[in-house]
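Lettering of chains follows the sequences in order, A, B, ..., and the numbering in each one begins at 1. For the numbers below, each heavy atom of this structure counts, side chains included, while hydrogens, waters and symmetry mates do not.
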Amino acid sequence: MGSLRTPLAKVRGLGSAKEGTDHFWKQRLTAVANIFLVGFLIVLLIRFAGADHATVKHALAKPQNAIALLVLVLSGVIHMRLGMQTIIEDYVHSEGRKVVALMLNSFFAILIGITCVFAVLKLSFGA
Amino acid sequence: MAQTKRAAERPLSPHLGIYRMQITMLMSIVHRITGGALYVGTLLLAAWLIAAAMGERQFALVNQLFGHPLGKFVLLGYTWAVLHHMLGGMRHLLWDTGRALQPRSADMLAWLTILGSLALTAAVWVVGLSLRGGL
């Protein structure tokens with residue numbers, strides 16, 4: 001089947017939002033990563049949930065745990081921001097409220113992400 | 001901005017109110033709800049991490065909150081939500097490849113999602129609690 005669109009038009013075909021499959025792809029990419037990362041978190045929490053401060057501090061300061069946690073937080077907040085964006089776009093129809101909700105969504109994701117990253121780095125680098 | 005008003009008045013496809021409840025539909029709804037719950041639930045992980053970073057006193061407080069029966073109940077729900085959302089997501093990844101889209105397979109996967117998530121939640125908590133010697 002021949003298409004009437006030129007190759008240039010196809011390669012530029014990123015839709016009205018100019019993002020193409022970006023949302024879908026990042027959502028799936030982080031979904032696959034999260035399977036492993038959440039698996040790690042569950043094992044970590046089975047071992048250390050409820051443990052005292054010194055034990056947890058020692059465990060989270062280990063590079064392998066800290067790195068996995070940092071990747072989990074990054075992948076997790078990207079995934080949850082995309083998911084909440086979809087929910088907002090589905091249910092919030094007023095343009096103004098939608099824009100505000102989308103902004104708050106990004107703020108929340110970034111705040112959670114930075115908070116967790118800061119905590120893990122502080123535990124890792126001492127103090 | 002005038003156009004957006006008109007767009008908002010388009011008829012929406014009939015869904016929840018008109019279809020007979022099916023397991024696939026219910027799991028779709030639960031997937032979204034668990035996703036929303038996990039979104040808020042990240043506060044729990046953030047609280048645990050930041051308290052650990054802040055110091056012994058703050059960490060003891062968070063531990064106390066999570067150790068309270070109500071806190072444990074929330075964590076149990078959080079465990080189930082993450083496992084359900086994970087299994088539901090794996091179902092979507094499978095569907096992305098074009099597989100298991102027939103009604104019978106889709107129904108079976110939906111049942112696997114709910115039953116699997118409950119079984120895995122139980123397994124995680126049984127292992128966790130046995131390591132600590134009970135509730």
**Request:** Indicate if A/Met84 and A/Ile114 have the same hydrophobic cluster label, given that clusters are the connected sets of ILVMFWY residues with side-chain heavy-atom separations under 4.5 angstrom.
**Result:** no
**Message:** Just checking B/Met21: does its CE atom have more than 12 heavy atoms from other residues, nucleotides or ligands closer to it than 6.0 angstrom?
**Reply:** yes
**Asked** Of all residues at least two apart in sequence or in a different chain, which pass the ring-ring contact (aromatic ring centres under 6.0 Å, His included) check with A/His53?
**Response** B/Phe59
**Message:** Are more than 12 heavy atoms, taken from residues, nucleotides or ligands other than A/Arg81, located less than 6.0 Å from that residue's CZ atom?
**Reply:** no
**Asked** Between A/Leu45, A/Leu41, A/Val32, which residue shows the highest count of heavy-atom pairs closer than 4.5 Å to chain B?
**Response** A/Leu45
**Message:** Counting only heavy atoms not in A/His58 (residues, nucleotides, ligands), do more than 12 fall under 6.0 Å from its NE2?
**Reply:** no
**Prompt:** Do other residues, nucleotides or ligands put more than 12 heavy atoms under 6.0 Å from B/Gln64 CD?
**Reply:** no
**Prompt:** So which of A/Val120, A/Thr115, A/Ile112 has the biggest tally of heavy-atom pairs under 4.5 Å with chain B?
**Reply:** A/Ile112
**Complete:** One should read off an interatomic distance between B/Met90 CE and A/Ile35 CD1, to the nearest 0.5 angstrom, of 4.5 Å
**Asked** To the nearest 0.5 Å, how far apart are CZ in A/Phe48 and CG in B/Leu131?
**Response** 10.5 Å
**Item:** Heavy-atom closest contact (A/Val56 atom, B/Ala52 atom, distance)
**Value:** CG1-CB, 4.3 Å
**Prompt:** According to a 4.5 Å side-chain heavy-atom criterion applied to Ile, Leu, Val, Met, Phe, Trp and Tyr, with indirect links allowed, do A/Leu102 and A/Phe108 form part of one hydrophobic cluster?
**Reply:** yes
**Request:** Could you walk me through whether B/Leu83 and A/Ile42 pass side chain to side chain contact (heavy atoms under 4.5 Å, CB included), step by step?
**Result:** CA-CA 10 Å; B/Leu83 288 167; A/Ile42 289 173; 3.7 Å; yes
**Message:** Strictly distance-based, threshold 3.5 Å: is any side-chain N or O of B/Asn63 a donor or acceptor partner for the main-chain N or O of A/Ala51?
**Reply:** yes
**Request:** Keeping the roles fixed (side chain from A/Arg28, backbone from B/Asp96), state whether a donor-acceptor pair exists under 3.5 Å.
**Result:** no
**Item:** More than 12 heavy atoms of other groups within 6.0 Å of B/Arg132 CZ
**Value:** yes
**Cluster link B/Ile29 to B/Met27, ILVMFWY, side chain under 4.5 Å** = yes
**Message:** Counting neighbours of CD on A/Glu89 that are heavy atoms of other residues, nucleotides or ligands and sit closer than 6.0 Å, is the number greater than 12?
**Reply:** yes
**Prompt:** According to a 4.5 Å side-chain heavy-atom criterion applied to Ile, Leu, Val, Met, Phe, Trp and Tyr, with indirect links allowed, do B/Met108 and B/Leu94 form part of one hydrophobic cluster?
**Reply:** no
**Asked** What do you reckon, is CH2 of A/Trp25 surrounded by more than 12 foreign heavy atoms closer than 6.0 Å?
**Response** no
**Prompt:** For B/Leu93, is it the side chain, the backbone, both, or neither that has a heavy atom closer than 4.5 Å to a heavy atom of chain A?
**Reply:** side chain
**Inter-residue atom distance B/Met86.CE - A/Phe36.CZ, 0.5 Å rounding** = 9.5 Å
**Request:** Can you measure from CG (A/Asp90) to CZ (B/Arg32) and round to the nearest 0.5 angstrom?
**Result:** 4.5 Å
**Prompt:** Shared ILVMFWY cluster between B/Val124 and A/Leu44, side chains joined below 4.5 angstrom?
**Reply:** yes
**Prompt:** Atom CE of A/Met80 and atom NE2 of B/His85: how far apart are they, to the nearest 0.5 Å?
**Reply:** 11.5 Å
**Message:** If the contact rule is any heavy atom under 4.5 Å from chain A, which residues of residues 34-49 of chain B qualify, in numerical order?
**Reply:** B/Gly36, B/Tyr39, B/Thr42, B/Leu43, B/Leu45, B/Ala46, B/Trp48, B/Leu49
**Asked** Checking heavy atoms, do the side chain of A/Asp52, its backbone, both or neither come under 4.5 Å from chain B?
**Response** backbone
**Fill in**
Greatest number of non-hydrogen atom pairs under 4.5 angstrom with chain B, of A/Ala54, A/Gly50, A/Gly83, falls to A/Gly50
